[in-house]
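Working notes for the structure below.
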Amino acid sequence: MSDSSNTIRHVMTLDLKDDPAGVAAYRRYHREIWPEVRDSLLRVGVLRMDIYALERRLVMVMDTREGFDLKRSFAAHAASHPRCAEWEELMKTFQQAPPGARAGELWTTMESVFHLERGRRPPRAPIGRRRRRRRAP
């Protein structure tokens with residue numbers, strides 16, 4: 001989840017193919033995303049999208065409006081304009097599934113393993129399950 005109760009945060013990953021020229025092209029395309037693609041993503045319910053890279057591994061953090069469905073909304077995006085379909089097919093030429101992806105899946109949902117937020121503390125373990133601190137010798 002993101003900040004607002006009306007938005008949903010999706011965190012996904014994929015790998016780029018082991019091709020330095022392709023990685024450079026992928027980055028170039030994303031520096032100047034086609035206007036039809038930007039407009040369509042916003043129209044289907046993407047409120048914010050960030051893509052981070054570590055070498056060939058990408059992580060996308062995407063906040064969407066309530067009711068956004070990954071498969072249905074991205075299908076609507078790709079069908080919304082010929083340039084959107086062209087963009088999606090072009091991007092697939094640079095991408096490959098990450099470890100742990102299902103067959104046929106590129107962008108793969110990541111599991112949340114930790115969350116820190118100012119003003120909120122995680123629930124405490126029941127008293128019988130708390131660890132006692134050991135004293136230093």
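Every residue two or more places apart in sequence or in another chain was checked for a side-chain hydrogen bond (donor to acceptor under 3.5 Å, both in side chains) with Ser73, and none qualifies.
Phe94 and Val59 fall into different hydrophobic clusters, where Ile, Leu, Val, Met, Phe, Trp and Tyr residues are linked whenever their side-chain heavy atoms come under 4.5 Å apart, directly or through other members. Under a hydrophobic-cluster definition in which Ile, Leu, Val, Met, Phe, Trp and Tyr are linked whenever side-chain heavy atoms come within less than 4.5 Å, directly or via other members, Tyr29 and Trp107 are assigned to the same cluster. Linking Ile, Leu, Val, Met, Phe, Trp and Tyr whenever their side-chain heavy atoms come within less than 4.5 Å leaves Val61 and Phe68 in two separate clusters. Transitive grouping of hydrophobic side chains (ILVMFWY, heavy atoms separated by less than 4.5 Å) keeps Leu70 and Leu42 in distinct clusters. A continuous path of hydrophobic side-chain contacts links Val37 to Leu90 [ILVMFWY only; heavy atoms under 4.5 Å].
Side chains of Arg65 and Thr7 form no contact here, defined as non-hydrogen atoms less than 4.5 Å apart. Inter-residue side-chain proximity for Val46 and Asp63 is flagged as unmet; no heavy-atom pair is nearer than 4.5 Å. Using a 4.5 Å cut-off on side-chain heavy atoms (C-beta onward), Ile51 and His30 make contact. Side-chain contact check for Met91 versus Tyr26: some heavy-atom pair is nearer than 4.5 Å. You'll find the side chain of Leu47 stays beyond 4.5 Å of the side chain of Met62, heavy atoms only. Within the 4.5 Å cutoff, side-chain heavy atoms of Met49 are placed close to those of Met60. Counting only heavy atoms from C-beta outward, the side chains of Leu58 and Leu16 approach each other to under 4.5 Å. Counting heavy atoms from C-beta on, the side chains of Pro99 and Asp15 come closer than 4.5 Å.
The line from NE2 of His77 to SG of Cys84 is 5.0 Å long, rounded to the nearest 0.5 Å. Residue Leu14 holds its CG atom at 9.0 Å from CD of Gln96, rounded to the nearest 0.5 Å.
In this structure, Trp34 has its ring center no closer than 6.0 Å to that of His81.
Ser80 and Ser40 share a side-chain donor-acceptor pair at under 3.5 Å. For the residue pair Thr64/His10, the side-chain donor-acceptor check at 3.5 Å is satisfied.
Around the CZ atom of Phe74, the shell of radius 6.0 Å holds more than 12 heavy atoms that belong to other residues, nucleotides or ligands. For CZ of Arg38, the number of neighbouring non-hydrogen atoms (other residues, nucleotides, ligands) closer than 6.0 Å is greater than 12. Residue-environment remark: CZ (Arg57) exceeds the threshold of 12 foreign heavy atoms within 6.0 Å.
Residues Asp69 and Arg72 share a closest heavy-atom pair of OD2-N, 2.8 Å. Nearest heavy atom pair, residue Thr109 against residue Met12, reads OG1-CE, 3.8 Å. What you find for Lys92 and Leu106 is that their closest heavy atoms are CG-CD1, 3.8 Å. Considering every non-hydrogen atom in both Thr93 and Lys17, the closest pair reads O-NZ, 3.1 Å. A pairwise comparison of heavy atoms in Arg27 and Glu55 identifies NH2-O, 4.4 Å as the closest pair.
With hydrogens and angles ignored, the 3.5 Å screen pairs a side-chain donor or acceptor of Glu105 with a backbone N or O of Arg102.
Look at Arg48 and Asp50 and you find a salt bridge, because one of the NZ, NE, NH1 or NH2 atoms lies within 4.0 Å of a carboxylate O, short of that distance.
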